[in-house]
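Before any comments, here is the structure.
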Amino acid sequence: MTRVAALVGPTAVGKSSVALDLAEALGAEIVSIDSMQVYRGMDVGTDKATPEMRARIPHHLLDLRDPAHDLTVAEFQHEARAAIEDIAERGRVPLLVGGSGLYFRAVVDDLAFPPRSAEVRASLEERVEIEGAEALHAELVGLDPTAAAKIEPGNARRIVRALEVIEITGRPFSDNDAWDRYESRYDLRVAGLELPRELLYERIEERVVAMLERGLVEEARAVAATGMGTTARQALGYKQVLDAVDPDDTETLADEIVRATKRFARRQLSWFRADPRVRWFDASDPGLSQALKAHFSGDGAVP
RNA sequence: GGCGAGGUAGCUCAGUUGGCAGAGCACGCGACUGAAAAUCGCGGUGUCGACAGUUCGAUUCUGUCCCUCGCCA
């Protein structure tokens, strides 16, 4: 089995800089597990690795698409696995670094993503409009009770997807039981980075201010001018810039981005906390670097 | 100093013809199957400015005081 190391955690804990040091120590190359850094031109807002960092350690899965063209989880899964194989074949260690929970599991676990159908989806979405999400949820209860039990009746997005898959594949949406198993297809070792909440929030605030200073507003407008798909369009920071009522009111803008980012960080944490494979490390610990190296190069005496 | 408006959750405010105080946001927790930086679910917020009076019962009515804002001087 291919040996894979992973570093996960919420935004702004300091994954990227730790990753560089770690990659050097492990003889690793970095595979970004980030749903937004795959878009070209979205650099300051996604805090993408700089050219200097990339020169130091090769980074994969960055700048895969123009923002106008959405990249799906399934495509990401495919590309990331290819990168992992490539790195391993060259005798180096793939180091996965990022905070996109679904993308992480898509790459590392045997999750299958049934195809999509624009027509089926469109008709389902129309029905949500007229009948309401609850009605479709009721229908899902009849078709796939297991899936229905796990999806809230108000969550139109997930209900639509479940019904779409059932219609396309003719099988229950809940068939994909790999979901609950947390069994990686690789010889995987995961480290999670965390910080006391207050500190994490402070760092988020500082980071947003820094992004604004580095020209987030200009970047967002430039990218928007060349076109943004639905996915890129909702990226934190970009969305707030583009939706701003008063573009000159930087204070309100910064405030909104900070709030959204904190909310996001919480959701990231709740995602990774649920993964039993993650071994947590305090990012403010002076001995962090040492501890991580020990964790990844040790011979498997992991919890 | 006079007149007016107001003081209720961390914030913005709603409300109670007198009967256990409620929304949004924030915050905490959770779910997560081709948009996931998405989408959705659950949860607690409290001397209702202070003191006195009326009342079985006052955040609500009355009085005094304090504070904030606006206008006038």
Side-chain angles (χ1 to χ4, degrees), chain A residues 10-12 32-39 42 45-48 65 67 69-79 98-107 109-118 120-121 125 128 133-134 137 140 144 146-166 168-169 171-182 197-198 200-201 204 207-208 211 216 220 228-242 252 255-275:
Chain A
T11 185
S32 162
I33 302 294
D34 190 296
S35 65
M36 293 299 169
Q37 293 186 358
V38 298
Y39 297 109
M42 294 171 60
T46 64
D47 206 34
K48 201 181 286 172
R65 288 275 195 296
H69 186 167
D70 289 343
L71 182 90
T72 66
V73 201
E75 289 167 326
F76 186 91
Q77 176 185 56
H78 190 78
E79 303 258 3
S100 299
L102 176 62
Y103 283 38
F104 174 67
R105 291 209 62 193
V107 171
D109 294 331
D110 275 317
L111 301 183
F113 296 95
R116 281 192 300 190
S117 156
V120 174
R121 177 169 291 261
E125 268 158 11
V128 170
E134 286 75 13
H137 186 267
L140 184 61
D144 184 349
T146 312
K150 294 181 72 179
I151 301 177
E152 296 87 356
N155 199 335
R157 181 89 145 242
R158 293 183 58 212
I159 294 166
V160 165
R161 176 57 185 160
L163 290 172
E164 181 192 14
V165 168
I166 291 168
I168 291 170
T169 63
R171 317 203 48 185
F173 182 66
S174 53
D175 250 18
N176 197 346
D177 61 341
W179 188 261
D180 298 311
R181 286 205 307 266
Y182 290 100
R197 193 58 58 93
E198 294 244 323
L200 180 66
Y201 283 174
I204 287 172
R207 201 163 82 142
V208 168
M211 282 178 180
L216 174 61
M228 289 176 103
T230 46
T231 307
R233 176 59 227 251
Q234 59 203 14
L236 282 175
Y238 301 85
K239 175 183 165 60
Q240 286 76 15
V241 168
L242 269 16
T252 305
D255 217 64
E256 274 168 12
I257 298 175
V258 165
R259 254 203 323 253
T261 307
K262 288 179 184 173
R263 219 183 300 132
F264 172 52
R266 267 179 256 137
R267 271 180 285 129
Q268 288 178 298
L269 247 7
S270 112
W271 187 285
F272 291 115
R273 272 191 295 233
D275 192 328

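Values below: all heavy atoms of this structure, side chains included; hydrogens, waters and symmetry mates excluded. Order of the sequence lines sets the chain letters (A, B, ...), proteins ahead of strands, with each chain counted from 1.
Of all nucleotides listed (B:A38, B:A37, B:A31), B:A37 comes nearest to the side chain of A:T46. Minimum atom distance to the side chain of A:V73 is reached by B:G34, of the listed B:C32, B:A38, B:G34. Checking B:G30, B:A26, B:G34 against the side-chain heavy atoms of A:R263 singles out B:A26 as nearest. Among B:A37, B:G30, B:U39, the nucleotide with an atom closest to any side-chain atom of A:R158 is B:U39.
Note: CH2 (A:W271) to C1' (B:A38) measures 11 Å, nearest angstrom. In this structure, A:D175 atom CG and B:U33 atom C1' are separated by 11 Å, rounded to whole Å. Straight-line distance from the CD atom of A:E134 to the C1' atom of B:U39: 14 Å, rounded to whole Å. With rounding to whole Å, A:E152 atom CD is found 5 Å from B:A31 atom C1'. In this structure, CZ of A:F113 is placed 9 Å from P of B:U33, rounded to the nearest angstrom. Residue A:R267 contributes atom CZ, which lies 11 Å from atom P of B:A26 at whole-angstrom precision. Distance CG (A:L163) to P (B:U33): 13 Å, rounded to an integer number of Å. In this entry the distance linking CZ of A:R171 with C1' of B:U33 reads 14 Å, nearest Å.
For the pair A:R197 and B:G28, the criterion of a side-chain N or O lying under 4.0 Å from OP1 or OP2 is met. A close approach under 4.0 Å does occur between a side-chain nitrogen or oxygen of A:R161 and OP1 or OP2 of B:G34. Under 4.0 angstrom from either OP1 or OP2 of B:C25 there lies no side-chain N or O belonging to A:R259. The phosphate of B:A37 (OP1 or OP2) has a side-chain N or O of A:S100 nearer than 4.0 angstrom. Using a 4.0 Å cut-off, no side-chain N or O of A:R266 falls inside it from OP1 or OP2 of B:C29. For the OP1/OP2 pair of B:A37 and a distance below 4.0 Å, the side-chain nitrogens and oxygens of A:S35 include at least one atom meeting the criterion. Residue A:K262 has no polar side-chain atom (N or O) positioned under 4.0 Å from OP1 or OP2 of B:A26. OP1 or OP2 of B:C32 has at least one side-chain nitrogen or oxygen of A:W179 nearer than 4.0 Å.
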Only distances under 3.5 Å count here; give the side-chain donor-acceptor pairs of residues 147-163 of chain A to other protein atoms, sequence neighbours excluded, each with its distance to 0.1 Å.
from	atom 1	to	atom 2	distance (Å)
A:R161	NH1	A:P115	O	3.3
A:R161	NH1	A:E164	OE1	3.0
A:R161	NH2	A:P114	O	2.6

Which side-chain N or O atoms in residues 257-268 of chain A pair as donor and acceptor under 3.5 Å with protein atoms at least two apart or in another chain?
from	atom 1	to	atom 2	distance (Å)
A:T261	OG1	A:I257	O	2.6
A:K262	NZ	A:E205	OE2	3.0
A:R266	NE	A:Y201	OH	3.0
A:Q268	OE1	A:T11	N	2.8
A:Q268	NE2	A:G99	O	3.0

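Going from the P atom of B:U39 to that of B:U45 covers 28 Å, rounded to whole Å. Here the separation of B:A37 from B:U47, taken at their P atoms, is 38 Å to the nearest Å. Taking atom C1' on both B:C65 and B:G7, the two are 14 Å apart, rounded to the nearest angstrom. Separating the C1' atom of B:C61 from that of B:G22 is a span of 23 Å, rounded to the nearest Å. Between B:C32 and B:C48, the two C1' atoms lie 40 Å apart (nearest whole Å). Between the P atoms of B:C25 and B:U16, the separation comes to 23 Å (whole Å). To the nearest whole angstrom, the two P atoms, one in B:U68 and one in B:U12, are 16 Å apart. Nucleotides B:G49 and B:G44, compared at atom P, are 23 Å apart to the nearest Å.
A donor-acceptor pair under 3.5 Å links the side-chain atoms of A:S100 to the main chain of A:S35, judged by distance alone.
Residues A:D144 and A:F173 share a closest heavy-atom pair of OD2-N, 2.7 Å. The minimum heavy-atom distance linking A:Y238 with A:T46 is given by the pair OH-N, 3.7 Å.
Between the side chain of A:N155 and the base of B:A31, no donor-acceptor pair of N or O atoms lies under 3.5 Å.
Ring geometry, A:F272 versus A:F104: the interplanar angle exceeds 60°, so the pair is classed perpendicular (tilted spans 30 to 60°).
Rounded to the nearest 0.5 angstrom, A:I33 CD1 and A:F76 CZ are separated by 4.5 Å.
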